[in-house]
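First the structure, in the form of structure tokens, and then the observations on it.
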Amino acid sequence: MSDTSKTVKKDVAAAVEDASSAAVPMVDPRLLVREEGFKGYLTEFKRKVRGGELGSLPVIIGLIIIWTIFQTQSSQFLTAGNLANIGFFLAATGMLAIGLVFVLLLGEIDLSVGSVSGLASALFAIFVTNHGMNPWLALVLTIVTGVLIGSLHGWFFAKIGVPAFVVTLAGFLGWNGLMLQLLGASGSLSIPDDGPLHILGQRSFFLDQDIAGAYLLAGLGTGAMLAGSLIEQRRRRTAGVPFRPTSEIALRVGALAIISFVAAYVLNQANGVPNALVIFLAALVIIDFVLRRTAYGRKIFAVGGGIEAARRAGINVAFVRISVFAISGGFAALGGLFFAAQTYTASLGAGGGNYLMLAIAAAVIGGTSLFGGRGSVWSALLGMLVIQSIQTGLDLLNMNTALQYMITAAVLLAAVVIDSVSRKSQKAAGRG
């Protein structure tokens with residue numbers, strides 16, 4: 001063997017050894033940031049802002065500004081009774097917004113949710129009032145009907161290739177017409193204050209006028225977050241991947257405990273936590289788990305991020321699309337029952353008016369992207385807090401509906417502008 005060959009082999013061996021030794025100390029950047037303490041988190045926050053990863057920051061700042069403005073104009077705005085009203089009335093439209101988050105994550109739209117919710121309230125009223133059906137069985141049949149309607153929309157979209165906008169626009173018109181046909185000349189049906197509607201209509205969780213329910217919820221929520229965080233920490237530590245330090249977990253749980261118990265105390269000055277709000281929050285927790293912690297949720301984000309890439313990765317795109325519209329239909333039907341519980345009536349106005357637009361606006365204002373692939377189910381809560389706060393605040397100031405529409409439109413436009421600018425910033429930073 002020549003000296004040249006020996007030299008080359010030595011160089012190659014040295015290069016491999018250097019590469020191996022260099023690979024050993026490689027550590028996840030998130031772990032390095034956390035090891036720096038508060039300074040590390042501040043550095044990471046600045047990096048995200050520069051890269052366009054704003055998250056829920058804009059809507060939280062906007063909500064603080066809205067509450068500050070209305071409180072300065074009316075001392076009644078931040079009272080316990082008014083905050084309880086905000087929580088009670090946001091739940092119905094919020095249910096529609098949860099279903100729309102799924103559809104928006106695909107980069108699509110569902111224009112039928114308002115009509116489906118109105119039809120659902122009419123069907124429930126007919127089942128219970130006209131046919132004497134058990135209200136819980138009527139509840140199940142109503143939600144199943146919403147799921148089937150959504151599946152039908154998804155089938156036309158995924159299998160036939162009809163644009164979602166057209167399919168759901170047809171549904172918006174068709175299901176609204178069927179609701180008018182079912183309600184007949186009277187245009188409304190009264191629903192007994194019984195069963196599930198009685199629960200949804202109650203303003204105090206657990207027991208009427210019992211303050212224990214609010215504190216029980218606060219304790220359960222805090223305990224669940226603590227247990228979940230510790231379990232995840234142990235699992236990630238066992239797997240040898242970066243995990244949240246105990247100090248961070250304690251800080252997060254402590255912040256949640258403060259917020260939860262303060263909210264419980266404030267709402268207890270009125271009637272407590274409305275049942276509708278409790279069920280809405282429970283739905284958010286469950287759906288958030290589905291989207292972030294299950295393979296199905298990851299498939300939704302994958303399809304929304306790129307259809308062809310998702311298909312090549314072996315994802316059944318048609319199934320994901322149909323199932324997403326089915327979920328949207330189911331939540332629309334559930335939202336219709338929430339609307340019915342507010343008045344114990346199914347009427348021609350159920351699900352009509354601007355409920356569809358408000359539900360879409362809530363999801364977008366809360367941070368779900370119209371372009372698909374990015375968002376969170378918690379955007380339904382944040383967006384509805386903004387919209388319901390605006391509506392309630394303007395009502396306190398005796399402002400007309402026209403002004404409510406204009407302000408909501410301005411907030412929606414601002415949210416879309418922020419989303420567009422954020423995407424451009426991410427692309428410029430190489431993360432879009």
Side-chain angles (χ1 to χ4, degrees), residues 45 48-49 52-98 100-101 104 218 221 252 255-267 270 273-274 276-278 280-281 283-285 288 354 357-370 374-397 399 403-419 421-422:
F45 174 75
K48 287 184 176 180
V49 172
E53 301 176 46
L54 300 177
S56 301
L57 181 62
V59 68
I60 293 175
I61 294 175
L63 187 61
I64 293 173
I65 294 173
I66 290 170
W67 283 13
T68 302
I69 292 174
F70 282 126
Q71 180 62 21
T72 57
Q73 298 298 312
S74 173
S75 60
Q76 297 298 312
F77 183 78
L78 290 180
T79 60
N82 192 58
L83 292 177
N85 284 335
I86 291 175
F88 177 73
F89 288 108
L90 69 78
T93 311
M95 281 295 182
L96 273 62
I98 290 178
L100 282 168
V101 167
L104 291 173
R252 287 170 174 263
L256 176 64
I258 292 173
I259 294 173
S260 300
F261 281 96
V262 168
Y265 172 79
V266 171
L267 291 176
V273 183
L277 179 60
V278 174
F280 176 54
L281 293 176
L284 289 174
V285 172
D288 178 66
N354 61 335
M357 295 299 109
L358 291 179
I360 296 174
V364 175
I365 290 171
T368 298
S369 176
L370 282 170
R374 191 179 67 185
S376 168
V377 70
W378 292 100
S379 61
L381 172 61
L382 293 173
M384 279 310 305
L385 274 174
V386 170
I387 290 174
Q388 194 63 51
S389 296
I390 292 173
Q391 290 184 324
T392 306
L394 292 177
D395 286 340
L396 286 175
L397 299 177
M399 299 292 183
L403 188 58
Q404 293 182 15
Y405 287 174
M406 288 187 285
I407 293 178
T408 304
V411 174
L412 174 60
L413 180 60
V416 177
V417 169
I418 291 174
D419 181 34
V421 173
S422 175

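If you take CD on Q71 and OG1 on T79, they are separated by 8.0 Å, rounding to the nearest 0.5 Å. Here the straight-line distance linking atom CG of L83 with atom CG of L78 works out to 5.5 Å at 0.5 Å rounding. Atom CG of residue L381 and atom CG of residue D288 lie 11.5 Å apart, to the nearest 0.5 angstrom. Once rounded to the nearest 0.5 Å, the distance linking CD1 of I98 with CG of L284 reads 4.0 Å. Atom OG1 of residue T392 and atom CZ of residue F70 lie 8.5 Å apart, to the nearest 0.5 angstrom. Here the CD-CZ distance, from Q388 to F88, works out to 10.5 Å after rounding to the nearest 0.5 Å.
Between S389 and L63 the shortest heavy-atom distance is OG-CD1, 4.0 Å. When every heavy atom of F77 is checked against every heavy atom of N82, the shortest pair comes out as O-ND2, 2.7 Å. Across M384 and G94, no two heavy atoms sit closer than the pair CG-CA, 3.7 Å. For the pair S260 and A218, the tightest heavy-atom approach, listed with the atom from each and the gap, is CB-CB, 3.7 Å. Shown here for L277 and A91, the closest heavy-atom pair between the two residues is N-CB, 4.3 Å. Here the closest heavy-atom approach between residue A359 and residue L100 is recorded as CB-CD1, 3.6 Å.
Under a 3.5 Å cut-off, the side chain of T72 and the backbone N or O of I69 do form a donor-acceptor pair.
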Q: Starting from the C-alpha separation in whole Å, work towards a yes-or-no answer on side-chain contact (heavy atoms from CB on, under 4.5 Å) for L256 and F261.
A: CA-CA 8 Å; L256 176 64; F261 281 96; over 6 Å; no

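Put simply, the side chain of L281 does not reach to within 4.5 Å of the side chain of V285, judged on heavy atoms.
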